[in-house]
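Everything below concerns the one structure shown next.
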Amino acid sequence: MSMPERIKIVDLLNSTETKSLVLLKGWIRTLRESKEFSFIEVNDGSCLANIQVIVDSDIENYTEIVKLTTGASISIQGELIESPGKGQKWEVRAKSIDVLGVAPEDFPLQKKRHTDEYLRTIAHLRPRSNKYSAIFRIRSKLSFAIHQFFQERDFQWIHTPIITGSDCEGAGEMFSVTTLDMNDIPKKNGAVDYEKDFFGKEASLTVSGQLSVETFCLSLGNVYTFGPTFRSENSNTSRHMSEFWMIEPEMAFADLQDDMKLGQEFIQYLVKYTMDECAEDLELFAKFVDKNLMTTLENIVNNDFIRLPYTEAVTILEQSGKKFEFDVAWGKDLQSEHERFLTEEHFKQPVIVYDYPKDIKAFYMRMNDDEKTVAAMDILVPAIGEIIGGSQREERYDVLKKRINDMNFDEADYWWYLDTRKYGTAPHAGFGLGFERLLMLVTGVSNIRDVIPFPRTPKHLEF
RNA sequence: UCCCCGGUAGCUCAGUCGGUAGAGCGGGUGACUGUUAAUCACUAGGUCGGCAGUUCGAGCCUGUCCCGGGGAGCCA
């Protein structure tokens, strides 16, 4: 018989019939040895479950095989049969096994639960564990679901630039991009002479694709970005990273109500998608990471989000009788503890707070008729807090120009942004959703560093 | 950046009043033989985060630095 093609373990486990000859390859998760025959559990990353391989002692390299340890990679040819043992439907009776790569005794992953902190120090090996392989399969599936959601609704995916010369993105501290010799920086009148730099001007990594994507919104209609985003804030929390992925939809001829509707539908779609398409992986999180996970997810999918004007949110907080570390007052931004009270204790479900005081929000948000608030909205979810921040954008040329001047920004920096309002302006709205925060919501994982392959945070650039 | 907690074997942790180091898992060796994080026996394995100090004596007390975690701010 000729060498069969490699079959993935997920396909073996979903098999409906026995197979006389299969070829599978993977990494040993555990090996139970005896003199006459042994059990090897093999995982190839195609699914959470392992397949059990039976090795009879009469195969030629038996003594070599039984000395293998967790982590070794092997190639197995054998027969797929119904398992006579309990606990699994199928198993493979090996005819021959080739060792592809051994794993010496200092292999850092063991057949037991490790802490997330430890696994973070071996981020190159952690996807070989059950929990992390599940996270990264879900991450991949959800990335696809994001495109599917928007493509089904005729949103165009726009690739906004990673390197920006715009110092007006205004969403946080930026990383510089330069080819200047840091040991010999050219100066002009005491300041860095950026004319000598690669782009001939100061350049940075993007903190948001929003301003760029707005120009496409006002031409292609409904658009979105999905890509990496960089912020050099010195944030040391379980919810922030220096490099993360963000989704920013932007809808033409849309107002804040449309924006809130889209935000809710988007989150519900993605949660539902995970429940339907990643059920086996999700079960691991419901069992070992967050016992209430399925209840939380079902609550999100089955109920409309609460829509709450900022002013009413302040009233609720003031009348709650709850002692907060930070005072609640109209005009002040809601603190984490306030947001958590609203979504976790008071409503016990996602809450959309909207119409915030203008002084605590960005210049591009649309001024409401009361001249005191802007058409902004934040979607708050239990355990994470803010997962979406969005707004209807100021489309009125004069009003936008005045806001830019009132905030002492240089109008010249915003010439192309203002142009979009000068020529055929139109109402539009959008939001930003942190992809990793969504993954935290869906999996119950409590530290954002554990839902991205190699986290970048202040003072951490390993791997 | 600020506040709090922690750092002991490869991993997870215990360590009493300050008297010089322990367990489980993992590794090795053997037994068992349809197991399921198998089980049983034996065995190897330590700069107690670094440096300085107090003390006859420090894993334990003091100072300082490094690292990790939780919370806050900034936000997604």
Side-chain angles (χ1 to χ4, degrees), chain A residues 29-41 49-57 66-71 81 83-88 91 93 103-122 129-130 169-173 207-210 225-226 228-248 263 324-326 333-340 360-362 378-381 384-390 431-441 446-452 457-460 462:
Chain A
R29 282 300 175 77
T30 178
L31 185 151
R32 294 179 284 276
E33 177 207 343
S34 51
K35 213 170 264 161
E36 299 306 317
F37 63 99
S38 297
F39 303 94
I40 308 180
E41 286 194 38
N50 308 322
I51 194 153
Q52 176 164 284
V53 176
I54 312 300
V55 192
D56 283 314
S57 60
V66 295
K67 272 194 291 182
L68 291 171
T69 50
T70 302
I81 57 171
S83 176
K86 285 175 186 162
Q88 62 281 316
E91 65 185 25
R93 184 164 287 271
E105 66 194 50
D106 59 353
F107 180 61
L109 278 171
Q110 297 177 9
K111 303 187 280 192
K112 62 165 203 165
R113 201 188 157 278
H114 287 292
T115 60
D116 293 323
E117 292 78 29
Y118 171 66
L119 290 168
R120 222 170 280 150
T121 68
I122 51 165
S129 68
N130 287 338
E169 297 198 19
E173 294 297 310
V207 293
S208 164
Q210 184 202 314
T225 70
F226 180 21
T229 307
F230 308 88
R231 298 201 183 158
S232 62
E233 303 285 354
N234 189 14
S235 294
N236 293 289
T237 80
S238 53
R239 308 183 302 283
H240 292 87
M241 288 185 294
S242 312
E243 176 181 307
F244 63 100
W245 283 58
M246 187 155 67
I247 300 121
E248 295 176 290
F324 293 111
E325 193 186 334
F326 294 91
D333 207 353
L334 300 180
Q335 303 289 316
S336 283
E337 56 173 342
H338 305 144
E339 296 179 344
R340 293 183 73 137
I360 58 172
K361 289 291 179 182
D378 286 351
I379 300 187
L380 314 175
V381 293
I384 293 157
E386 185 180 341
I387 194 167
I388 277 182
F431 61 76
L433 177 140
F435 184 45
E436 285 78 17
R437 289 193 184 170
L438 177 79
L439 285 165
M440 292 167 76
L441 175 70
S446 57
N447 194 311
I448 200 166
R449 299 173 188 112
D450 298 332
V451 296
I452 193 167
T457 54
K459 300 278 181 287
H460 294 277
E462 288 298 310

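A note on names: the letters A, B, ... follow the listed sequences, proteins ahead of strands, and every chain is numbered from 1.
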Indicate the atoms forming the closest heavy-atom contact of A:L380 with A:E386, along with that distance. CD2-CA, 3.9 Å
Checking all strands, does [X] fall into the base, sugar-phosphate, or nothing category for heavy-atom contacts under 4.0 angstrom?
X: A:E243; value: nothing
X: A:N236; value: base
X: A:I387; value: sugar-phosphate
X: A:Q335; value: sugar-phosphate
X: A:S235; value: base
X: A:T121; value: nothing

Applying the 3.5 Å cut-off to both distances, the Watson-Crick or G-U partner of B:A41 turns out to be B:U29
Name the pairing partner of B:U47, where a pair is Watson-Crick or G-U wobble with both distances under 3.5 Å, or state none. none
Looking only at the aromatic ring of each residue, does the gap between the centers of A:F324 and A:H338 stay below 6.0 angstrom? yes
Could you check how far [atom1] of [X] sits from [atom2] of [N], rounded to whole Å?
X: A:H114; N: B:G10; atom1: NE2; atom2: C1'; result: 9 Å
X: A:I54; N: B:A38; atom1: CD1; atom2: P; result: 13 Å
X: A:R32; N: B:G26; atom1: CZ; atom2: P; result: 12 Å
X: A:K459; N: B:U1; atom1: NZ; atom2: P; result: 6 Å
X: A:D378; N: B:A76; atom1: CG; atom2: P; result: 7 Å
X: A:I360; N: B:C74; atom1: CD1; atom2: P; result: 10 Å
X: A:E339; N: B:C74; atom1: CD; atom2: P; result: 9 Å
X: A:D56; N: B:G34; atom1: CG; atom2: C1'; result: 11 Å

side-chain contact (heavy atoms from CB on, under 4.5 Å), paired with A:N447, selected from A:E117, A:R120, A:M440: A:R120
C1'-based separation of B:C67 from B:G73 [nearest Å]: 23 Å
What nucleotide, of B:C11, B:U35, B:C74, holds the atom closest to the side chain of A:S83? B:U35
If we ignore hydrogens and angles and just use 3.5 Å, is the side chain of A:Q52 paired with the main-chain N or O of A:Q88 as donor and acceptor? no
Decide whether A:T30 and A:K111 meet the rule of one side-chain donor and one side-chain acceptor closer than 3.5 Å. yes
